[in-house]
Amino acid sequence: MIVLVGTVPYKTGLYIGKANIEGKALNVDGISFPIERGTAVMAASCAQVCSFYNVEKPLCIFGGDVADGKGTDLMFGEVNANIDKYAPDIVTLHYMFPKIIYGQPFIQKIESLKKKPQLIADAGGMYLMKTINQSYFFDVFTPDAGELHFLADEFAPHPLYVRSDLLNEFIPLKSLVEAAYKNKNTAKATIIKGAVDYIYSDNVKIRELSEPNIAAMEAIGGTGDTITGMVSAFRYMKDADAEYKSLVINRLIGKEIKCNPATQIADFITAIPKVLERYEKKIS
Amino acid sequence: MLNVLKKLFAKKYEKPKGILLYGSVQEVIQTHKMLEIQGFHVRLVAPPPEVRVGCDLAVDIDGYIMCKAGNMKITMDKKEHRIVNISGGGCPDIPYVAEQLYNVKIEEAKNPIDLGNSLCAYMLQIAFGALKDKAADK
């Protein structure tokens, strides 16, 4: 099973349930969450891919967090105590307050499982794991270029604290990736999202992707979250090209819906099945 | 309570009296808090272009301007200055902050740091300040 863990901007509480798309909203545990940005976007894109290929829908463990960190507390309370009950094959960590106290207990809980699930992290989940030096315990990180600077800085506990010399100089992306891997501050596979997307595995560039080139996508909130959600689904299906497929589908959606910088991410989610259908026909 | 009273009775300035520049965002945060506690009216703004260090960049895309600061991006349309998208970040207040700022004219928008309280909100504030400067054509 895919287990998606993250906070949503909703009243304090713990919301657990399978992800169901209902128009432009995501229903989890009887609550309709708007698909606007963050964890709900990640979960919705994962659910769309699972639904298209007719595989089991992801289970969401959401913490309703109104920026006071209480939802993060509830969410990790459940995950660090009970994740074994969900028999996870994939665990994806997303938006959250990167509270250090929950990091090591999470790792210990995962280590206690009979079979280690694949671990994916983005956003606050990625910040947390980097900060407690457990990045390499993870299988996939999905940083954007700004977050790559953070992974390359061995001391920064958050992208805010990246030291200025990393920002001042023009440092090639390759060097930043090398620095991140050298200090084991990224996962085994790293997807760097940007105008050009890169897939690295253990410091080796596997692939890069720049077409179709849709400049507006960088401005649209959630276009990175969709990648994390789709990678979770494709990895669950044991697709050998999970990372590449997620990146190319994301770009093809941007092209399909003719997005501009004001496009809202829900339009991307809606278009996933149509673009997947075309993609599968083309490669078959 | 004391801080609220200090703020309430602090001398109000019509025009800014000066700008403080720092080498790191951590220093900015600490100083900002310290000055507020002392009752000063302070506002976080993007540094002048000549001293920026590359973490706050503006990009023109088809009638829109996007400003970036670290992991945060904010975009407005050039015509009406409405905020059309906020991207990036990993802290849970960002979706809330984005919701509050969406479709609001940047001149009328609240500061991200007044809406959120995370480090990502601080980064967004820097991008927001740069975008606001762009809107004022500075």
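As the structure is a computational prediction, the values presented were derived from the model and not from experiment.
Between Thr75(B) and Pro261(A), the closest heavy-atom pair is CG2-CB, 4.0 Å. Annotation for Val84(B) and Gln264(A): closest pair O-NE2, 3.0 Å, computed over non-hydrogen atoms.
Contact tally against chain B (heavy-atom pairs below 4.5 Å) for Phe150(A), Tyr10(A), Tyr127(A): the top residue is Tyr127(A). The residue among Met72(B), Met66(B), Met76(B) with the most heavy atom pairs within less than 4.5 Å of chain A is Met66(B). Contact count versus chain A (heavy atoms, under 4.5 Å) is highest, among Ala121(B), Gly63(B), Ala98(B), for Ala98(B). Interface check for chain B: of the options Met96(A), Met126(A), Glu147(A), the most heavy-atom pairs under 4.5 Å are formed by Met96(A). Interface remark: of the candidates Ala219(A), Gly222(A), Pro9(A), Ala219(A) forms the most heavy-atom pairs closer than 4.5 Å to chain B.
Taking CG of Asp225(A) as the start and OG of Ser87(B) as the end, the distance is 7.5 Å to the nearest 0.5 Å. In this structure, Thr263(A) OG1 and Asn85(B) CG are separated by 8.0 Å, a value rounded to the nearest 0.5 Å. Atom-to-atom distance recorded for Glu99(B):CD and Glu36(A):CD is 5.0 Å, nearest 0.5 angstrom. In this structure, NZ on Lys73(B) lies 7.0 Å from OG1 on Thr223(A), to the nearest 0.5 angstrom.
Both the backbone and the side chain of Ile61(B) come within contact range of chain A, each with at least one heavy atom under 4.5 Å from a heavy atom of that chain. Contact of Phe97(A) with chain B is made through backbone and side chain together, with heavy-atom distances under 4.5 Å. Contacts between Asp144(A) and chain B at a heavy-atom distance below 4.5 Å involve the side chain alone, from C-beta outward.
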Side chain to side chain contact (heavy atoms under 4.5 Å, CB included) assessment of Tyr95(A) paired with Cys120(B) | CA-CA 11 Å; Tyr95(A) 273 66; Cys120(B) 289; over 6 Å; no
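With a 6.0 Å radius and a threshold of 12 heavy atoms from other residues, nucleotides or ligands, Lys174(A) has its NZ atom at or below the threshold.
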